[in-house]
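The structure under discussion appears below in the form of structure tokens.
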Amino acid sequence: MKRNYQLELDNIINELDDSCVPTLLLHSCCAPCSSYVLEYLSKYFEITIYYYNPNIYPKSEFEFRLEEQKRFVSAFGSNNPDNHPIHVIEGIYEDDRYYEVVKGLEDEPERGVRCTECFKLRLGEAAKVASEKGFDYYTTTLSISPHKDAELLNRLGEEIGREYGVKYLYSDFKKRNGFKRSTELSEEYGMYRQNYCGCVYSYKERLKMQ
């Protein structure tokens with residue numbers, strides 16, 4: 001039976017203790033994808049963005065997306081002072097790690113095995129940081145994309161979370177018009193929206209389509 005991850009998230013939020021704000025490490029791929037997630041979850045959690053994306057090509061793109069992430073967090077926080085504070089941890093640009101885990105998968109199609117290995121790398125690093133720093137939960141913004149498999153992401157997140165001893169916050173952020181809202185917030189805050197997922201392989205695919 002297919003799980004309803006949005007309903008599972010609803011249940012977790014409904015069971016939260018109002019007297020204690022839980023902490024959430026949120027792996028973010030970019031500012032636009034984080035926008036709706038922060039708007040939604042910062043009412044219930046104290047969130048720390050973890051920007052860890054060694055897959056992004058080139059390095060200048062990685063750095064530009066990071067600056068956009070920090071700019072949005074600052075602007076959103078100023079406009080929503082009643083929400084819980086949002087912090088940012090800057091991940092290291094370890095593109096050599098990314099190329100190592102996808103070695104031999106260079107010719108795989110988008111959304112294939114190469115992408116799964118990329119998810120594992122980023123979720124694994126997020127879970128490690130969440131465990132080391134004592135966060136109550138961790139999750140990722142990736143499920144907001146219509147092109148990402150939420151069932152796969154939640155399964156990986158749950159498995160990796162068990163390995164590191166940290167709870168994965170189930171989610172399918174594209175539900176309830178989450179992706180649509182992210183595009184609205186991107187426009188509202190004048191955010192840069194990239195036209196490729198991030199890696200060199202998606203970049204080359206985008207060039208072929210032009």
Side-chain angles (χ1 to χ4, degrees), residues 1-18 20-53 55 69 72-73 76 83-84 86 110-131 133-186 193 197-198 202:
M1 184 177 183
K2 193 171 182 180
R3 292 169 65 178
N4 185 326
Y5 292 106
Q6 177 61 60
L7 181 59
E8 293 192 35
L9 176 56
D10 289 341
N11 291 336
I12 290 171
I13 289 173
N14 290 335
E15 292 172 3
L16 292 177
D17 184 350
D18 292 338
C20 181
V21 180
T23 55
L24 170 66
L25 186 77
L26 176 64
H27 164 263
S28 176
C29 55
C30 62
C33 287
S34 74
S35 59
Y36 164 73
V37 181
L38 292 177
E39 180 183 66
Y40 176 21
L41 294 183
S42 63
K43 301 180 183 74
Y44 311 106
F45 299 88
E46 181 171 349
I47 299 174
T48 296
I49 290 280
Y50 183 43
Y51 181 85
Y52 179 74
N53 300 290
N55 58 306
Q69 181 71 80
F72 173 68
V73 166
F76 180 81
N83 288 18
H84 298 301
I86 302 167
E110 287 295 297
R111 305 188 219 182
V113 179
R114 187 183 65 239
C115 293
T116 300
E117 292 305 309
C118 179
F119 298 155
K120 287 179 182 178
L121 173 61
R122 291 189 280 172
L123 286 168
E125 191 64 24
K128 179 183 176 184
V129 171
S131 177
K133 295 184 178 295
F135 282 83
D136 296 309
Y137 296 92
Y138 90 106
T139 195
T140 180
T141 62
L142 288 168
S143 71
I144 199 168
S145 169
H147 305 296
K148 300 292 190 296
D149 184 342
E151 187 170 357
L152 171 63
L153 288 165
N154 280 278
R155 178 171 56 80
L156 292 174
E158 185 177 44
E159 291 172 357
I160 294 169
R162 280 199 299 267
E163 180 183 345
Y164 285 95
V166 61
K167 288 182 285 188
Y168 185 76
L169 189 70
Y170 302 116
S171 59
D172 189 355
F173 293 121
K174 69 179 71 66
K175 298 291 187 181
R176 296 179 183 163
N177 291 318
F179 178 73
K180 179 175 181 291
R181 180 58 180 154
S182 75
T183 62
E184 293 170 350
L185 285 166
S186 295
R193 289 187 70 89
C197 180
S202 62

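Values in this document were obtained by computation on a predicted structure and should not be read as measured data.
- In this structure, OH in Y138 is found 12.5 Å from OH in Y50, a value given to the nearest 0.5 Å.
- Side-chain contact between R122 and N53: present, with at least one pair of heavy atoms (C-beta onward) separated by less than 4.5 Å.
- Looking at heavy atoms from C-beta onward, L153 lies out of side-chain contact with D149 at the 4.5 angstrom threshold.
- Within the 3.5 Å criterion, the main-chain N or O of P32 finds a donor-acceptor partner in the side chain of S35.
- Side-chain atoms of L25 and K133, non-hydrogen and from C-beta on, never get closer than 4.5 Å to each other.
- Summarising the geometry of K174 relative to S143, their closest heavy-atom pair is NZ-O, 2.9 Å, with the distance given to 0.1 Å.
- With sequence neighbours left out, the salt bridge (charged side-chain N to carboxylate O under 4.0 Å, His left out) criterion links E125 to R97.
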- Message: Run the side-chain contact (heavy atoms from CB on, under 4.5 Å) test on I47 and H84 for me, step by step, so that the C-alpha distance in whole Å, both residues' side-chain angles and the decisive distance to 0.1 Å come before the verdict.
- Response: CA-CA 8 Å; I47 299 174; H84 298 301; over 6 Å; no
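- Distance check: T139 OG1 to L9 CG gives 8.0 Å after rounding to the nearest 0.5 Å.
- Here SG of C30 is found 8.5 Å from CG of L142. Values are rounded to the nearest 0.5 Å.
- Side-chain atoms of S131 never come within 3.5 Å of backbone atoms of A127 as a donor-acceptor pair (strictly under, hydrogens ignored).
- Of the possible polar contacts, one joining the K43 side chain to the E39 backbone as a donor-acceptor pair under 3.5 Å is found.
- Rounding to the nearest 0.5 angstrom, the gap separating the OH atom in Y168 from the CD1 atom in I12 is 10.5 Å.
- Here I86 contributes atom CD1 and S42 contributes atom OG; the two are 4.5 Å apart, rounded to the nearest 0.5 Å.
- Q6 and D10 form a side-chain donor-acceptor contact under 3.5 Å, judged by distance and modelled atom types alone.
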(Q) Please determine whether salt bridge (charged side-chain N to carboxylate O under 4.0 Å, His left out) holds for the pair E117 and K120, giving the CA-CA distance in whole Å, both sets of side-chain angles, and the decisive distance to 0.1 Å. (A) CA-CA 5 Å; E117 292 305 309; K120 287 179 182 178; 3.3 Å; yes
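- Q69 is listed as a side-chain neighbour of I49, based on a closest heavy-atom distance under 4.5 Å.
- Heavy atoms only, all atoms of each residue included: P22 and L16 are closest at CG-CD2, 3.8 Å.
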Requested in this report: May I have the step-by-step check of side-chain contact (heavy atoms from CB on, under 4.5 Å) for T183 and R193, ending in yes or no?
Outcome: CA-CA 9 Å; T183 62; R193 289 187 70 89; 3.8 Å; yes
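- G198 approaches S202 most closely through the heavy-atom pair N-OG, 3.2 Å.
- Across all non-hydrogen atoms, the minimal contact from A31 to F72 is CB-CB, 4.1 Å.
- At least one side-chain heavy atom of L169 sits less than 4.5 Å from a side-chain heavy atom of L41.
- With K167 contributing its side chain and G161 its backbone, the two residues share no donor-acceptor pair below 3.5 Å.
- In this structure, Y40 and F173 have perpendicular ring planes: the angle between them is above 60°, well past the 30° mark.
- We find the OG1-CG distance between T140 and L123 to be 5.5 Å, quoted to the nearest 0.5 Å.
- Ion pairing of R114 with E110 is present here, as a side-chain N (NZ or NE/NH1/NH2) and a carboxylate O approach within less than 4.0 Å.
- Under 3.5 Å, the side chains of T23 and D136 contain a donor-acceptor pair of N or O atoms.
- L38 places a side-chain heavy atom less than 4.5 Å from the side chain of L26.
- The ring pair (Phe, Tyr, Trp, His ring centres under 6.0 Å) check on Y137 picks up F45, with sequence neighbours excluded.
- A salt bridge between R155 and E151 is absent, with no side-chain N of the basic residue lying under 4.0 Å from a carboxylate O of the acidic one.
- Side-chain contact check for V129 versus H27: every heavy-atom pair is 4.5 Å or farther apart.
- Nearest heavy-atom pair across G178 and I144 is O-CD1, 3.6 Å.
- Between V166 and A130, the closest heavy-atom pair is CG2-CB, 3.9 Å.
- Heavy atoms from other residues, nucleotides or ligands lying under 6.0 Å from NZ of K180 number 12 at most.
- Between Y170 and E158, some side-chain heavy-atom pair lies under the 4.5 Å cut-off.
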